[in-house]
Amino acid sequence: MSDGTGRQQAISSEQVAWRSQLQDGHRVAQVRIGGLEQQASVIRGVSLNVVPGLLQTADYARTVFEEQADLLDVPRDLDESVRERLRRQEVLYSPDKRIEILIAEVALLHSVASRAVMAGQVDRLGMALGLPNVRVGLLPVSRQLPHVVLHGYWILDDQVLVENITAELRITDPDQVGIYRKLTDQLWSVAAQGDEARAILSRIAGTFR
């Protein structure tokens, strides 16, 4: 019982720290996450409901920050947060890093921004497919997945970051990290890549124009 209580308290303190950090706005969190990405040699992300920050356009990022600030009742430091998010994207051009990003098609079908912003975001993803140091894939809505995926996550070397609405969970237990790696490998086995991914993006882009 005491062990379980200790773990519960550790998770609670993690959640409180995340919300406390957002009380200063999103910029600080972007700087922190960017630092982790710069330090990592391997970055693997799976995003289910939103285009991941490393591939967001400025307009899409601004919309996301604005909506989160309203929901969480934190400062709307939109210009600063967008600048930091775009600065984070410099890591995509680092030749010494391995970066893999999987995005569920549904993240594009459930619009979080205007049609014009979504159209620009889809175009940006098409360009990302051609980045030499980045592997980008889509999880088509019509394709059976190897496992139920309950949430998105990021693997940075030997740790996993999981975000929910109010908190961020950091996982460093080797066994748990190994499960996330195994799941990611299996998701890539059914992912659309290359020309197949471009065809999906082209179809989605047509719905926003």
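Computed from heavy atoms alone, side chains included, the values below leave out hydrogens, waters and symmetry copies.
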4.5 Å side-chain heavy-atom contact, [X] and [Y]:
X	Y	value
H110	N49	no
T63	E66	no
L187	V149	yes
H26	V74	yes
L78	S81	no
V177	D175	no
R62	T57	no
F208	S114	no

Does [X] reach the main-chain N or O of [Y] with its side chain, forming a donor-acceptor pair under 3.5 Å?
X	Y	result
S189	Q186	yes
Q89	Q56	yes
K97	L92	no

Drop me the distance from [X]'s [atom1] to [Y]'s [atom2], to the nearest 0.5 angstrom.
X	Y	atom1	atom2	value
F65	R85	CZ	CZ	3.5 Å
Q30	E80	CD	CD	12.0 Å
E196	L201	CD	CG	11.0 Å
L125	Y60	CG	OH	8.5 Å
I204	L109	CD1	CG	5.0 Å
E84	R27	CD	CZ	5.5 Å

Original post:
For I165 and L72, what are the C-alpha separation, side-chain angles and deciding distance, and is it a side-chain contact (heavy atoms from CB on, under 4.5 Å)?
Top reply: CA-CA 8 Å; I165 295 174; L72 300 175; 4.3 Å; yes
Original post:
So L102 and L139, side-chain contact (heavy atoms from CB on, under 4.5 Å) or not? Walk me through it.
Top reply: CA-CA 7 Å; L102 269 176; L139 296 173; 4.2 Å; yes
Closest approach of [X] to [Y] (non-hydrogen atoms, all atoms of both residues):
X	Y	answer
V190	P146	CG2-CD, 3.9 Å
V136	A128	CG2-O, 4.0 Å
P95	N133	CA-ND2, 3.7 Å
A69	P75	CB-O, 4.0 Å
A197	L138	O-CD1, 3.7 Å

**OP:** Go through E37 and W154 one step at a time and tell me if the side-chain contact (heavy atoms from CB on, under 4.5 Å) criterion holds.
**Re:** CA-CA 10 Å; E37 291 165 344; W154 288 87; 5.6 Å; no
Between the side chains of [Y] and [X], is the shortest nitrogen-to-carboxylate-oxygen separation below 4.0 Å, so that they form an ion pair?
X	Y	value
R32	E168	yes
R124	D59	no
R44	D157	no
E105	R203	yes
E90	R88	no
D77	R83	no

Subject >> Evaluation steps, side-chain contact (heavy atoms from CB on, under 4.5 Å), between R181 and I155 >> reply: CA-CA 8 Å; R181 287 176 176 149; I155 306 172; 4.1 Å; yes
Is [Y] reachable from [X] through a run of I, L, V, M, F, W or Y residues, each pair having side-chain heavy atoms under 4.5 Å apart?
X	Y	value
V51	I43	yes
L145	I179	no
L55	L86	no
V64	V28	no
I171	L161	no

Original post:
When you look at D185 and K182, which way does the salt bridge (charged side-chain N to carboxylate O under 4.0 Å, His left out) test go after all the steps?
Top reply: CA-CA 5 Å; D185 290 340; K182 178 180 179 181; over 6 Å; no
**OP:** Let me see the working for E163 and R170 under salt bridge (charged side-chain N to carboxylate O under 4.0 Å, His left out), right down to the final yes or no.
**Re:** CA-CA 9 Å; E163 292 186 12; R170 177 171 172 263; over 6 Å; no
Subject >> Modelled atom types, side-chain donor and acceptor of Y153 and S47, under 3.5 Å >> reply: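 Note: Y153 and S47 side chains miss the donor-acceptor criterion.
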